[in-house]
Amino acid sequence: QLQLVESGGGLVQPGKSLRLSCRASGFTLEHRAIGWFRQAPGKEREKISCIDDVGMPTDYLDSVKDRFTTSRDNARVYLQMTGLKPDDTAIYYCAADEKRFTTCGGMHLDYWGPGTPVTVSS
């Protein structure tokens, strides 16, 4: 089973924080670029950010770039979200290329996780 698995979502009040995690099931995230995406009901999927194989984050969505931070360690990729707003409510996904040693600019979106829901509401 080649799959990504997201975790860390939930219900949170506006202005609070969450940290999402992305890990691999059946393969390793090492040396892979990983993208974060989200999709809200009735809206198109948005790319949130990407982090390359050596840990350089890039391509933050304009509406989140001052609030969200992507990082990684040897096993997981993280999305730290602060100052959450109701408009951040969505299903959050991570995605990876089947190939290793790719850049964020050249990556394909071959593997996806099932998503973790984030609901920002009072």
Side-chain angles (χ1 to χ4, degrees):
Q1 177 80 298
L2 301 180
Q3 187 180 44
L4 302 180
V5 181
E6 306 93 344
S7 62
L11 174 64
V12 64
Q13 295 181 355
K16 301 300 183 181
S17 300
L18 285 174
R19 188 175 75 162
L20 307 183
S21 297
C22 175
R23 66 175 180 86
S25 177
F27 65 104
T28 179
L29 294 182
E30 188 178 10
H31 305 303
R32 299 181 193 268
I34 304 295
W36 282 101
F37 300 81
R38 69 184 184 186
Q39 188 166 26
K43 296 183 179 180
E44 295 183 349
R45 186 183 67 198
E46 297 179 303
K47 185 176 183 179
I48 298 169
S49 65
C50 186
I51 187 164
D52 70 14
D53 60 327
V54 295
M56 177 66 70
T58 188
D59 202 24
Y60 284 103
L61 184 67
D62 284 345
S63 61
V64 309
K65 63 174 57 177
D66 295 327
R67 300 182 293 119
F68 291 10
T69 302
T70 300
S71 61
R72 71 188 302 157
D73 58 28
N74 288 335
R76 292 175 175 85
V77 175
Y78 305 98
L79 183 67
Q80 178 68 49
M81 306 186 295
T82 63
L84 285 163
K85 304 175 181 180
D87 285 349
D88 295 319
T89 297
I91 308 296
Y92 284 72
Y93 303 89
C94 57
D97 198 311
E98 67 174 344
K99 303 294 185 182
R100 296 185 296 160
F101 305 106
T102 58
T103 65
C104 286
M107 71 179 297
H108 299 285
L109 305 175
D110 296 312
Y111 300 128
W112 292 83
T116 186
V118 173
T119 301
V120 185
S121 176
S122 299

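Reckoned from all heavy atoms, side chains included, excluding hydrogens, waters and symmetry mates.
E6 places a side-chain N or O within donor-acceptor distance of the main-chain N or O of C94, the cut-off being under 3.5 Å. The backbone N or O of E98 sits less than 3.5 Å from a side-chain atom of R32, completing a donor-acceptor pair.
The hydrophobic cluster containing L109 also contains I91, counting ILVMFWY residues as joined when their side-chain heavy atoms lie under 4.5 angstrom apart, directly or transitively. Both I51 and L61 sit in one connected hydrophobic cluster of ILVMFWY residues. Membership requires side-chain heavy atoms under 4.5 Å apart, directly or through other members. Grouping the Ile, Leu, Val, Met, Phe, Trp and Tyr side chains by contacts below 4.5 angstrom, directly or via other members, places L4 with W36. The hydrophobic clustering, which links ILVMFWY residues whose side-chain heavy atoms are closer than 4.5 Å, places V118 and V5 apart. At a threshold of 4.5 Å between side-chain heavy atoms, the hydrophobic network of Ile, Leu, Val, Met, Phe, Trp and Tyr places I34 and F37 in two separate groups.
Aromatic ring orientation, W112 versus Y93: perpendicular (interplanar angle above 60°, classes split at 30° and 60°).
Annotation for R72 and H31: closest pair NH2-N, 4.4 Å, computed over non-hydrogen atoms. Across every non-hydrogen atom of L20 and G8, the tightest pair is CD2-C, 3.5 Å. The shortest heavy-atom contact between G35 and M107 is N-CE, 4.2 Å. Closest heavy-atom contact between T102 and D53: O-OD1, 4.1 Å. When all heavy atoms are compared, the tightest approach of S122 to P14 is OG-CD, 3.6 Å.
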TODO: Apply the test side-chain contact (heavy atoms from CB on, under 4.5 Å) to residues D88 and R67: give CA-CA distance (whole Å), side-chain angles for both, the deciding distance (0.1 Å), then the verdict.
DONE: CA-CA 11 Å; D88 295 319; R67 300 182 293 119; 2.8 Å; yes
Open item on the list: Applying side-chain contact (heavy atoms from CB on, under 4.5 Å) to D52 and T58, what does each step give before you reach the verdict?
Closed with: CA-CA 8 Å; D52 70 14; T58 188; over 6 Å; no
TODO: Check the pair L18 / K16 against side-chain contact (heavy atoms from CB on, under 4.5 Å), numbers first and verdict last.
DONE: CA-CA 7 Å; L18 285 174; K16 301 300 183 181; over 6 Å; no
- [ ] Please step through side-chain contact (heavy atoms from CB on, under 4.5 Å) for the pair T82 and T69, ending with a clear verdict.
- [x] CA-CA 9 Å; T82 63; T69 302; over 6 Å; no
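At most 12 heavy atoms of other shown residues, nucleotides or ligands fall within 6.0 angstrom of atom CG in N74.
Between D73 and Y78, the side chains place a donor N or O and an acceptor N or O closer than 3.5 Å (distance only, hydrogens not considered).
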